[in-house]
Number of protein chains: 2
Amino acid sequence: MSARDQLTAAMAELLWERGYAATSPRDVMARAGVGQGSMYHHFGGKHDLAVEAFSAVAEEMAAASSPLDGDGSPLERMKRYLAIPRAGTRGCRVGRMTQDPQVVADPELLAVVAGAFDAMLARWERAIAEAVTAGELPASTVPADLARTLSAVLQGGYVLARAKGSQEPMDAAVRGALSLLDAAHAAARTSDPPD
Amino acid sequence: MSARDQLTAAMAELLWERGYAATSPRDVMARAGVGQGSMYHHFGGKHDLAVEAFSAVAEEMAAASSPLDGDGSPLERMKRYLAIPRAGTRGCRVGRMTQDPQVVADPELLAVVAGAFDAMLARWERAIAEAVTAGELPASTVPADLARTLSAVLQGGYVLARAKGSQEPMDAAVRGALSLLDAAHAAARTSDPPD
DNA sequence: GTCTATATGTGGATAGAC
DNA sequence: GTCTATCCACATATAGAC
């Protein structure tokens, strides 16, 4: 593994553990096991290194929402994706960035964050629209709205889990969302039969 | 206004704008318009000042959930509370703290954050339980779960809004949640008549 | 390419005058 | 009580040797 790769890997880890502002070039070099010269040879500085390291993380996260595009009924895919285990107290690697003032003030970093969310929300919207077409959700459902609601449940779940230092609030938030989706499913069958 | 009050007010503002780690004693003193001596006379340091300033903020936030205890039908109270305007791009003054590594690592500060959420979640749970009793929500509803789901929608709404630098995702997330609650309400009437 | 040495600013706090 | 002066450590980056 090249020094360059060691640096991006170390930066990605530290961005998750400590956030952008709280991560110093020193920390990164120490974890990567390289000297200062290497870092400033390969990157313009902390900012450049963070952009490159975090872009990879963001793509990875966006790809992680692919189960929403998978096989099976749309509603089942949505519920399965919600139920994927998530370590709440560690926080979301992407969502956490939005609370870092230095990230939000940095157009380049913020664009990477926004892009990752856009990709995920697009997948949500497609799955939801398909569920409506299939009669699994009420015809009155607004895919763009529900996509943001369900994405927010996950992001908020991380916040609640970290506030309590416990996994439980995250799991509870997901259970509640699944229950609401079941209710919406029941409402769709009652008032709006698909066939 | 005493120097002490100026300091706590300035710290509360800066905690919101920049977070804990990114706020230096210098910043606080400059905004408060006092010298360094004043700060170290009244407080042991940045930490002590932050605890005192943030405790006031947390109490204020917890009190802001009182509409959940108000008059009217429980479900109506829940919907009204969700629909209260929230400036998404500014983030939640309490929730934002959970993404700050220095806050989570500080038991005293984290306890203040956790306490604020506990108070809010307790109000949610009460209102939800009342809605179930009144037959406005399905009997199968788990108040503790749904409370965390709806609280997460709001917290996640802030995250999405900041990621996009726009109010819209927050409003969309709330609309989607209201729509799900309507579906749950419809399901309760269909399968579980209150009288 | 990678290293060590060095420079400049700031974070957080203490000392002690007024 | 409030101020200014000062201190040490660290963040971030540059210079230049190997």
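Convention: sequence-line order gives letters A, B, ...; per-chain numbering from 1.
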Looking only at side chains, do [X] and [Y] share a donor and an acceptor under 3.5 Å apart?
X: Gln102(A); Y: Asp106(A); answer: no
X: Ser65(A); Y: Arg123(A); answer: yes
X: Asp27(A); Y: Ser24(A); answer: yes

Could you walk me through whether Asp171(A) and Arg175(A) pass side-chain contact (heavy atoms from CB on, under 4.5 Å), step by step?
CA-CA 6 Å; Asp171(A) 293 341; Arg175(A) 282 195 303 269; 3.9 Å; yes
Mind running salt bridge (Lys or Arg N to Asp or Glu O under 4.0 Å) on Arg90(A) and Glu17(A) for me, showing each step along the way?
CA-CA 8 Å; Arg90(A) 292 202 180 166; Glu17(A) 293 171 20; over 6 Å; no
Starting at CE of Met1(B) and ending at P of dG1(D), how long is that distance when rounded to a whole Å?
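About 17 Å, once rounded to whole Å.
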Short side-chain to backbone donor-acceptor contact, Gln99(A) and Gln99(B), under 3.5 Å:
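Not at all, since once roles are kept as given, no pair shorter than 3.5 Å links the two residues.
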Test item: Arg148(B) side-chain N/O and Ala172(A) main-chain N/O as donor-acceptor pair under 3.5 Å
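Checking the backbone N and O of Ala172(A) against the side chain of Arg148(B), no donor-acceptor pair under 3.5 Å is found.
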Near DNA chain D, counting only heavy atoms under 4.0 Å, which residues of residues 35-53 of chain A show up?
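Here the set is Gln36(A), Tyr40(A), Gly45(A), Lys46(A).
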With a 4.0 Å heavy-atom cut-off, tell me which residues in residues 3-30 of chain A come close to DNA chain C, sorted by residue number.
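Residues of residues 3-30 of chain A that come under 4.0 Å of DNA chain C are, in numerical order, Ala3(A).
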Determine, for Glu136(B) against Lys79(B), whether the closest basic-nitrogen to carboxylate-oxygen distance falls under 4.0 angstrom.
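Salt bridge flag = no for Lys79(B) with Glu136(B).
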Note: Glu13(B)-Arg93(B) ion pair, threshold 4.0 Å (strictly below):
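No salt bridge links Glu13(B) with Arg93(B).
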Going by the side-chain contact (heavy atoms from CB on, under 4.5 Å) test, name the single residue among Lys164(A), Arg162(A), Met170(A) that passes it with Ser166(A).
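Per the side-chain contact (heavy atoms from CB on, under 4.5 Å) rule, the option paired with Ser166(A) is Lys164(A), out of Lys164(A), Arg162(A), Met170(A).
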To the nearest 10 degrees, what angle separates the axes at the start and end of the helix from dG1(C)-dC18(D) to dC18(C)-dG1(D), five pairs each?
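Roughly 10°, once rounded to the nearest ten degrees.
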